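Structure first, commentary second.
Just so it is clear, the model here is predicted, and its values are computed rather than measured. Every number for a ligand or one of its atoms is a count from 1 in the order of the listing.
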Amino acid sequence: MITRPKPSGRIPDRSIYERRESAVRSYARSMPRQFGRAEGVWMHDDQGGRYLDFLSGCSTLNYGHNHPILKQALLDYIGGDGIAHGLDLHTNAKKDFLDAFEALILQPRALDYRVMFTGPTGTNAVEAAIKLARKVTGREMVIAFTNGFHGMTLGALACTGNAAKRGGAGVPLSHVAHEPYDGYYGPDVDTADLLEQRLSDPSSGLDAPAAILVETVQGEGGLNAASPDWLRRIADIAKAHGALLIVDDIQAGCGRTGGFFSFEEMGFTPDIVTLAKSLSGLGLPFALTLLRPEFDQWSPGEHNGTFRGNNHAFVTATAALRHFWSSEAFQRDVRRRGDMLEARLAGIAAEYGFEVRGRGMMRGVNTGSGDLAGAVTTACFDAGLIIETSGAHDEVIKVLAPLTIDDATLAVGLDILETKIREAMADDYAVAAE
Ligand SMILES: *Cc1c(COP(=O)(O)O)cnc(C)c1O
């Protein structure tokens, strides 16, 4: 099924990237091809290579590339000279999005949130969330967690654990305490107890927090999935200590873990929720911060941004909500396929002593070694499978296939992954035996 991406003939001159593109580029280094076209789960390079996409723009393309219904909605809108950029003006596209979001997402889940349109990337939504929590509570300190990832602007970066990313800040990253996530000290230590103890102890040195910021599954931090019990405890602790609970659902939301929100049916309601990545459904930049109405204490324009009205993204987001979220069918299918993914990964993990991580269609295997995981993902890419690593040491191979992938194609990709793991492990043994 996979066309092996063997460049044939003359490769066009690509020295422009070396010459002009900033050294900050990263994915382009591990996938050194030039891509032109994509549809569904497939990406195509300019040399005739075809790749199965198990990265999905880090969960930005949950409905696959260029979904025909979303694409057509945008083509129609542009063809009719619909507003493209509208600051935060009221537009037809914004009204349609809000109506659909209220009717298809909020009301069926009995959620009452105000919708704040932030700048278009995830980190904008996180900045808005922590700014608001500080404003509402009059407190400065935010509690974030080990291995958390929340974005690259200074406020969100301060909440991010990764040392290499933090090192780029150039100034002290302050007013955030990084507490141990669920399972950080192994299965026998309840880190919610530790947090409760530290917050209740007037001599612990931990200031009263404005917010507790948490991912239910840590996307970049190694697919650690918090238990519903732990998350409920964290929600209770936030409430008891006058802090706002912020769930960063930028990667785990929009269906990735099964429901539209990753915290559904867990028995707690966050005060603030951030969404971005797959919100537009077509890969267009679009982020939101959802606020419980009593915390919507902004004054007009207090938090601003030129690109808060990406109307093209409103159009595709609305089409995605109507197509995928009007019934239970899509969610049921994602859950079923997530179970299938788990079973396959569990088989691989059992064979090599790895550990399965994650939830829903946000899963992977912890290989215990960044070198091994990197060797496997590189070999996968050469075989036509785009797949990446995550975790503190890039030791977790992360499967983020489009949620719309059919079972047979999912199996094709997992076959490649399993083969490349087997080959890498065999190489390892060969080296060890020498
Ligand atoms: C990707 C991500 C962000 C940052 O989003 P950007 O669009 O890259 O700014 C924040 N939080 C989580 C959980 C993410 O996965």
Distance-only, no hydrogens or angles: does the Asp182 side chain make a donor-acceptor pair with backbone N or O of Ser227 under 3.5 Å? yes

For Tyr184, ring-ring contact (aromatic ring centres under 6.0 Å, His included) partners two or more places apart: none

Report the residues that fulfil ring-ring contact (aromatic ring centres under 6.0 Å, His included) with His175, sequence neighbours left out, ordered by chain and then residue number. none

Show the atom names and distances, to 0.1 Å, of all donor-acceptor pairs under 3.5 Å that link a side chain in residues 164-174 to residues at least two apart or in another chain.
{"from": "Arg166", "atom 1": "NH1", "to": "Ala158", "atom 2": "O", "distance (Å)": "3.0"}
{"from": "Arg166", "atom 1": "NH1", "to": "Thr160", "atom 2": "O", "distance (Å)": "2.8"}
{"from": "Arg166", "atom 1": "NH1", "to": "His178", "atom 2": "NE2", "distance (Å)": "3.3"}

Under 4.0 Å between a Lys/Arg side-chain N and an Asp/Glu carboxylate O for Glu302 and Lys131? no

Flag the pair Phe35 / His65 as yes when their ring centroid distance falls below 6.0 Å, and as no otherwise. no

Those protein residues which place at least one heavy atom below 4.0 Å from ligand 1: Thr121, Gly122, Thr123, Phe149, His150, Gly151, Glu215, Asp248, Ile250, Gln251, Lys277

